[in-house]
Each structure stands twice: as structure tokens, then as C-alpha cells.
J.: 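I have a structure I would like to understand better, so I am pasting it below and will then ask my questions one at a time.
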Amino acid sequence: MKGIVKKLVKKRGAVYLRLLCTMNTSATKRLKTDGLDFKLSQLVGKENVLHILEDRICYSYDGSKQRCLPDVVVRPQSTQHVSDILRFAYEQEIPVCPRGAGSGLTGGAVPVKGGIILDFTQMNRIVEISPEDLTATVEPGVVTQTLQSEVAKHRLFYPPDPASAPFSTIGGNVAECSGGITGLKYGVTRDYILSLEVVLADGSIIHTGRKTLKSVTGYDLTRLFVGSEGTLGVFTQITVKLLPLPEKIETLLVFFATTQDAIQSASQIIFNNLLPRAMEFIDKSSIDCVKGYKQEIQIPAEVNALLLIDIDGREASVKTEASLVEEIVNKNHAIRVASAKNAQERDTLWEVRRAISPALYNIAPYKINEDICVPRGRILEILGRIAGIHKRYPSLKVASFGHIGDGNIHVNVMYDEGEQQRALAEEMIEEILRNTVEVGGTISGEHGIGNVKSAFLSLEIPPRELEIMKEMKHLLDPKGILNPGKVFC
Ligand SMILES: Cc1cc2nc3c(=O)[nH]c(=O)nc-3n(C[C@H](O)[C@H](O)[C@H](O)COP(=O)(O)OP(=O)(O)OC[C@H]3O[C@@H](n4cnc5c(N)ncnc54)[C@H](O)[C@@H]3O)c2cc1C
């Protein structure tokens, strides 16, 4: 098993991408001669079809930094457009890659086999917000933060909150089942999707779920599509569940001398029946990167771990819970607790957390960012195992931070220029993923598999289960036109 995975892992880097882009070029030749852009213009209007090279380059990559050119980009304006495009692509067996904002980190929106990019950014209408039903119905191109702020005007709350909320789309969030900082208390995207309008590979339009909080009629097709990474169907309308907007949020930034104290505090907070809105862990390497970033937040030299905690609810209960949290962290040897009482102060504390990801490039020019998730009780163990693995790769740097409340840790392996360094980083990542599965965790808590992680799928998913997944894919997309090259190797 190890041998097989190793071979595949090597494909993750430059060699693999070069191979994919070659396939893309041959697809381009074939499709171009068929006058693809002309046929699509007849279906959706010339103004919604982009085919010149400069435009296609803009759609050739996503947050994974891979590059593969699509043959053509189509910007549908309606469900009927999407259905017409897919019916045509199905007949002609042309690959179709749905795309939101292209912020995905595992290559989901990279058209690795060329073909058509379906850009959903113009299908961005909020169709309905219903305070009475506690629901909203939106088109897939709505930006997550726009939905959050529009529902907040009705004192309603859409809780899933990926760090990419200011630019990622709801369609992309549903396709990746995005998580984010609020997972501990409120769950992830799948917990808020009530119903979907989906266009299948052959262009047929189906509706899954109901606009009700409860429905157990038949199989749960909605859940099947959530997290399907554009490989089973294309979402054209999404109905989400909303909650009443919490009255108040208080933020605490807690400084610790040891990782153990920080993790123990996090467990004890939950053991004491407290459920923070967010609880983020930041390790020593990450702290070093952002030290001095904000004048207002001085981090003393003896600090080796931070917890950033949001508590929300009614004003009185937030106050009580915040003081209980302070008691717990103080019992666990917190060096200092900084608290923010208003939105501006909160923003300052959270900016430290938001700055980590870009600041990591101060350590080394390249990074692989993993989003492993382990059962909460195994967090210290996995961090210990990662430290042990790291000792065998002294030329690499490792920084870990993330949503400690739900066991989701972003492990960043940083490396220098050169094939050898890249190969070492990949080898180390494989060991980390293997260990994650061994402690009962998952190789992806929120970023999905795409093509970047498909070589590792069999580390976690047993053969029969993988077979069932492939059979489902074949049932819904027998010609394999929907986002080919993703999820499965
Ligand atoms: C700085 C940064 C921070 C991030 N933080 C987080 C985080 O905290 N939590 C988290 O979970 N992720 C995070 N991400 C990853 C990324 O933002 C999410 O995966 C997001 O959901 C992608 O949305 P998108 O609109 O950019 O989708 P894209 O990247 O365009 O597409 C993602 C996938 O969705 C599919 N897709 C898009 N639209 C549709 C549709 N209408 N129908 C069917 N399939 C579709 C695509 O084919 C692709 O497989 C982060 C990324 C960045 C760059």
C-alpha cells in the first residue's frame, strides 16, 4: 500500500500538473475545430461566452495555484442556460467544470481536462429571505459574506463562516461543504442546506429536499450533493437555514507558555458545558510569524501558544460565560487574557489570526497547507506525532493553527526552492495524513479532495466504500463529463 501511495504522491507536484496540462492542449485542439464557442453562443448569447486566450487564462487556476487552460468559459444567467449547456456538453462528451470564486485550495475549479468552465459569478441573486420560515433562497454565485450581511439586516444569522467568506461563493461552499471558525458551535455548510436545485450531467433539472427544517421522505439526496465538488451535479439554486442573530459577541485572546495548557483549556471549556462560537489555536511558529504585526497586541517571548475565543449569545449570558472561560484558562496557567468588547477591538484580535496564513511565507517561500481533522480527544496526540515526524525532516518548517474546538488543524509544511525540498515536503505530508487516519481522523476537514489530494483518498476510504462512491458518480454522470479528474484518481 505504501509503495502505491508514494508513486501517486509524487504526481502531486510539478510532474503531475505538466501531465494534466498536456491533456488539456489536445482537448483544446479537438474542441476548437468543432466551433465550440459558436455553438455555446447560440445557446446562451455571445456576450456570455469568453474564448480569447487572455480571458481563458483568468479561469485557468484557483487557490491551489495549479494552472490548466479551459477551452471556453460560459457565464450562465439562468437555470435554463445551465441545463442547455449541460445537455450540449453531454451529447458532445465535453468536460464541464463549475466555478464560483476560484478560491478552493484543492484544485476543484481547475479545468484539468480542458472543456467548459461554468462561471457562476453572474448568477448571484438573493431570491428570497424569509424571516418567518428562517430560510433564504439564493443563486450559487452569491458571495458568502453578502448573504451573511443581507440576512443580518433582518436580524438573522447564516453561521457557516469560512475565512474566505468575503470572496467565496455559496455554490463553492456547498460543493466543498466548507467549514470555518464557527464549526464547533454551529456546524458546517451541510448543516444549513435545506434544498437544492441541481442540473444533472445530461441537462435534466431536479429539486432535492424541502424548505422545511424536517424531512425524512426518501433518501437524503441533498446531503449527497453537498461536498460533491462539482462532480455529481451543478447547483443553480440553494435554500439555506437561518438562525436568529446573536445579540452580542465577545472575544478573548489567551496567551499560554505551553501548547499543553492551551489544549487542556480548550477541552475544559467544553467539559464545563460552554460552547464558544469559535475557538482557534495558534502554535509557536505561527506566533513568531505575526509577532509585532499589530502594535496593540504585544506577544511576550515566553508565549508558545494562543487561544482565540469568541463567545456569542445574549448580553448577560455572554458576560457570564466569558468570566467562566477566564477562570478556566487562568486555572490552566494562562499568562494573560486580552478581551475585546466592541467590533473594532474584536477585529484587531482577529487580524492576528487572519494574518498568519500570508505571514507564513516569511518562514519559507513555499508551503503545503493541510486541513486535517481529528476527534477532539486526540488533538494533543496528533500534534505530538507531527512534532515527532518533523524531527526527521529538519530542513522543513512546520506551523499549525486552526479550529481547535472541532479538531480541525491547519498544518502548514514550509519548504525552500528545489525539487528535493518539494519531494521531502510531500513525503512528510503523507506521513502526517497517515498518522491522522491512524488516530481516527480525516485527511480533509474542509478543503475537499479535488485533484490535489485524490492520491490519498484510499488512505481513509476502504475499497468497498470507494467502489460505492464511484458507482454513484457513474449513475449520475455516466459519461464522466462533470469535473473530471477530481476526487478519484
Ligand atoms: C484565504 C482563504 C481562506 C480560506 N478559508 C477557508 C475556511 O476557513 N474554510 C473552508 O472550508 N475553506 C476555506 N478556503 C477554501 C475555499 O474558499 C472554499 O473551499 C470555498 O468554499 C470555495 O468557494 P469558491 O466560490 O471559491 O469555489 P471554487 O473554488 O470556484 O470551486 C470550489 C468547488 O466547487 C465547485 N462548484 C462551484 N460552484 C458550483 C456550483 N454552482 N455547482 C456545483 N459545483 C460548484 C467547483 O467545481 C469546485 O469543485 C479558503 C480559501 C482561501 C483562499
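Every number for a ligand or one of its atoms is a count from 1 in the order of the listing.
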J.: Check this for me: does any side-chain nitrogen of one of Arg87 and Glu91 sit under 4.0 Å from a carboxylate oxygen of the other?
T.: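 No, no charged N to carboxylate O under 4.0 Å.
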
J.: Counting heavy atoms only, which part of Phe120 comes closer than 4.0 Å to ligand 1: side chain, backbone, both or neither?
T.: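 Just the side chain.
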
J.: Based purely on interatomic distance, does Val234 place a nitrogen or oxygen under 3.5 Å from a nitrogen or oxygen of ligand 1?
T.: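 No, Val234 has no N/O under 3.5 Å of an N/O on ligand 1.
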
J.: Starting from atom 27 (O) of ligand 1, what is the nearest protein heavy atom, named by residue and atom, and what distance separates them?
T.: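 So the nearest neighbour among protein heavy atoms is Gly172 CA, 3.5 Å.
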
J.: Hey, is NZ on Lys46 packed in by over 12 heavy atoms from elsewhere, all under 6.0 Å?
T.: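 Atom NZ in Lys46 is not packed in, count stays at 12 or less.
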
J.: Using a heavy-atom cut-off of under 4.0 Å, does the side chain or the backbone of Asn483 touch ligand 1, or both, or neither?
T.: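 The answer is the side chain of Asn483.
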
J.: Compare Gly102, Gly402, Cys97, Gly227 and give the one whose heavy atom is closest to atom 28 (P) of ligand 1.
T.: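 The nearest heavy atom belongs to Gly102.
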
J.: Give yes or no for whether the N/O distance cutoff of 3.5 Å, strictly under, is met between Gly104 and ligand 1.
T.: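 Checking ligand 1 against Gly104, an N or O pair does fall under 3.5 Å apart.
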
J.: Looking at atom 31 (O) of ligand 1, what's its closest protein heavy atom, distance included?
T.: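 Closest protein heavy atom to atom 31 (O) of ligand 1: Ala109 CB, 3.9 Å.
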
J.: Of the choices Ser357, Ser168, Gly230, which has the non-hydrogen atom that lies closest to atom 44 (N) of ligand 1?
T.: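 Closest candidate by heavy-atom distance is Gly230.
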
J.: Taking only heavy atoms of Glu229, which atoms of ligand 1 are found under 4.0 Å from at least one of them?
T.: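 In order of number, 49 (O).
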
J.: Please tabulate, for side-chain N and O atoms in residues 97-111, each donor-acceptor pair with protein atoms closer than 3.5 Å (sequence neighbours left out).
T.:
from   : atom 1 : to     : atom 2 : distance (Å)
Arg99  : NH1    : Tyr61  : O      : 2.9
Arg99  : NH2    : Tyr61  : O      : 3.3
Thr106 : OG1    : His447 : O      : 2.9

J.: What residue and atom, counting heavy atoms only, is the protein's closest point to atom 1 (C) of ligand 1, and at what distance?
T.: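 Sorting protein heavy atoms by distance from atom 1 (C) of ligand 1 puts Phe167 CZ, 4.0 Å first.
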
J.: Within the structure provided, determine whether Arg277 and Pro246 are in side-chain contact (heavy-atom separation under 4.5 Å).
T.: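 In short, these two side chains touch, coming nearer than 4.5 Å.
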
J.: Please examine the side chains of Ser164 and Thr144, heavy atoms only from C-beta on, and report whether any two atoms are closer than 4.5 Å.
T.: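 No, too far: nothing below the 4.5 Å cut-off.
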
J.: I need the full list of salt bridge (Lys or Arg N to Asp or Glu O under 4.0 Å) pairs touching residues 169-193, with sequence neighbours left out, sorted by first then second residue.
T.: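 Of all non-adjacent pairs touching residues 169-193, those that pass salt bridge (Lys or Arg N to Asp or Glu O under 4.0 Å) are Lys185-Asp312, Asp191-Arg223.
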
J.: How far is atom 34 (O) of ligand 1 from the closest protein heavy atom, and which atom is that?
T.: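 For this ligand atom, the closest protein heavy atom is Ala175 CB, 3.1 Å.
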
J.: Tell me the contacting part of Pro98 for ligand 1: side chain, backbone, both, or neither, using a 4.0 Å heavy-atom threshold, strictly below.
T.: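 It is both parts that get close, each with some atom under 4.0 Å.
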
J.: Identify whether the distance between the nearest side-chain nitrogen and carboxylate oxygen of Glu128 and Lys211 falls below 4.0 Å.
T.: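 A salt bridge is present here (some side-chain N lies under 4.0 Å from a carboxylate O).
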
J.: With heavy atoms under 4.0 Å as the rule, classify the contact between His447 and ligand 1 as side chain, backbone, both or neither.
T.: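 Near ligand 1, His447 shows its side chain, while the N, CA, C and O stay back.
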
J.: Less than 4.0 Å is my threshold; does some heavy atom of Gly63 fall inside it relative to ligand 1?
T.: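 For ligand 1, residue contact (heavy atoms, under 4.0 Å) with Gly63 is absent.
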
J.: For Asp62, is the nearest heavy atom under 4.0 Å from an atom of ligand 1?
T.: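 Flag not set, Asp62 not near ligand 1.
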
J.: How close do Ile404 and Arg376 get, heavy atom to heavy atom, and via which atoms?
T.: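 Shortest heavy-atom separation between Ile404 and Arg376 comes out as O-CG, 4.0 Å.
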
J.: Can you pull out the closest protein heavy atom to atom 48 (C) of ligand 1? Residue, atom name and distance to 0.1 Å, please.
T.: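 Nearest protein contact, heavy atoms only, for atom 48 (C) of ligand 1 is Gly108 C, 3.4 Å.
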
J.: List the closest protein heavy-atom neighbour of atom 51 (C) of ligand 1: residue, atom name, distance to the nearest 0.1 Å.
T.: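 Closest protein heavy atom to atom 51 (C) of ligand 1: Ser103 O, 3.3 Å.
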
J.: Under 4.0 Å, heavy atoms only, figure out whether ligand 1 is touched by the backbone of Glu176, its side chain, both or neither.
T.: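 It is the side chain that touches ligand 1; the backbone stays farther off.
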
